[in-house]
Amino acid sequence: MEGEDLVHIITRVVLQVGIILIAAKIAGEISERYLRVPPVLGELGAGVIIGPFALGGIAFFGLDPIFADATHVISPDTPGISTELWSVAQIASVVLLFAVGLETDLRQFLRFALPASVVALGGVVLPFGLGAGATVWFGYAEVWTDPTALFMGSVMTATSVGITARVMRDLGRMREPEGVTIIAAAVVDDVLGILILAIVVAMAETGAVEIGELGVVVAKALGFWLALTGLVIVLSGYISRALGWFRDSGAPLALALGLALLGAGLAESFGLAMIIGAYSVGLGLAGTPLASRIHERLMGVYQFLVPVFFVVMGMLFDLTQISGVLGFGLALSALAIVSKVLGAGGPALVVGFNGRGAWRIGLGMLPRGEVALIIAGIGLSRGVIGHDLFGVALLMTMITTVVAPVLLVSAFRSGRTGRRQPLVEEGDDDTRQPLPGVELTQEISREMAEEAMRRRPSRPREPAQLD
């Protein structure tokens, strides 16, 4: 950013966000109205079209390309996403996961925590092994312990909770057993991914792994996640009352978002992804009166920011980087699909889901999204993988991200239960409410209506008519 005027930077970001929003909403409308697919697919596609590797990198009418930034995040040697625009996208991902946390049924989350951990473990081990093995098979590494093979295996383990959460929310399935299990498993998946990434980075830099040092990393990340979630749950009632004390109608939402951003920043500093901290704060506040009070206003912020995240994700896709490794990219993408469906869906059969539910959970764990790109970016910046394998990771990420929403919509179309023994909470009227706190509001409203009916003065009875 040296030598670039601050006003010019701000103006550029403002123009970029404006173009992104317009493109996202038009593409989302086309996807939903004409293609009958979730809007998120249109937003990802819009990112590819207007991104720096397509229309956004072309100079129209003698003007500078709008998205071909000189400063960028992924690699210092190629054009890409600017640091400023990437920052806006990351804030958008925090808002997305905070909203998802608010809409998660906390009781269901705790109930399915153990099954979700089993699903997450299976969804990490099989993809990692297949990813590392395929890298060796195609000749990009000599042995599977080669850092290159390990990095490609790490990319395969990722699950994009943001993309799956967006699709589940659009389908109204966030509070069903499959939805809760998928989101919880994706969170655990991220913690396991941090562990694997720490091992791979240590081996790439030193050729060995210090067990004690690795244990500190794992304990810090896992301990912070459990502590933050537990603390917000314990203090949720006090937080809800404290934020409800403010007379300014916009204060509760602003303060709640402030807590989400604070949790996100702390999570990143403890070695976790920011989105996990935001989700923990939202989950802790789910079911409180505050959740239902801020929900409508939060959706306004959500509709403004979240599409930016998905369009920016689409902008990272560069077709020119995969021309020489297309065969490996397609093979790895196929393995990525199979490994997640079997690796996560198989254990789901063991923890109480039927074939239908296991299929849904496997598909829900399928998209790699931003987590895979972050891992691949680390490998590229450290010289462990080259631009060709980074292009392979982008192709795999894009394919799994596009395929998962389409298949998820089809998998949930029947509406039949995915559990071998249906839960009491699985009734149609109970599992598709937008927020857990809505049930409390409805109950209060019913009680008030009944009380009003009891207090109405009774009309005097008219005397009976005699024939």
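A quick note: this is a predicted structure, and the numbers were derived from the prediction, not measured.
For the pair Phe128 and Val155, the minimum side-chain heavy-atom distance is 4.5 Å or more. Residues Thr400 and Ser333 are not in side-chain contact: their nearest non-hydrogen atoms beyond the backbone lie 4.5 Å or more apart. Using a 4.5 Å heavy-atom threshold, the side chains of Thr417 and Glu176 count as separate. Side-chain atoms of Pro177 and Val180, non-hydrogen and from C-beta on, never get closer than 4.5 Å to each other. Under the 4.5 Å side-chain criterion, counting only non-hydrogen atoms from C-beta, Met315 is not in contact with Val48.
Between Tyr140 and Phe328, the ring center distance clears the sub-6.0 Å criterion.
Proximity of a side-chain donor or acceptor of Arg356 to a complementary backbone N or O of Ala411 within less than 3.5 Å is not detected. Of the possible donor and acceptor atoms, one in the side chain of Ser339 sits under 3.5 Å from a partner among the backbone N and O of Ala336. A donor-acceptor contact shorter than 3.5 Å is absent between the side chain of Arg33 and the backbone of Ser31.
Tested against Val351, the residues Thr181, Ile361, Val118 include a single side chain to side chain contact (heavy atoms under 4.5 Å, CB included) partner, Val118.
Thr159 and Lys340 are linked by a side-chain donor-acceptor pair at a separation below 3.5 angstrom, with hydrogens and angles left out of the test.
For Val311 against Ala24, the heavy-atom pair with the smallest separation is CG2-CB, 3.6 Å. Looking at every heavy atom in both residues, Asp189 comes nearest to Ala120 through N-CB, 3.9 Å. The minimum heavy-atom distance linking Ala404 with Leu363 is given by the pair CB-O, 3.9 Å. Residues Phe304 and Leu21 approach most closely at O-CD2, 3.1 Å, considering heavy atoms.
Using the six-membered ring where Trp is involved, Phe112 and Phe353 have ring planes that are tilted, between 30° and 60° apart.
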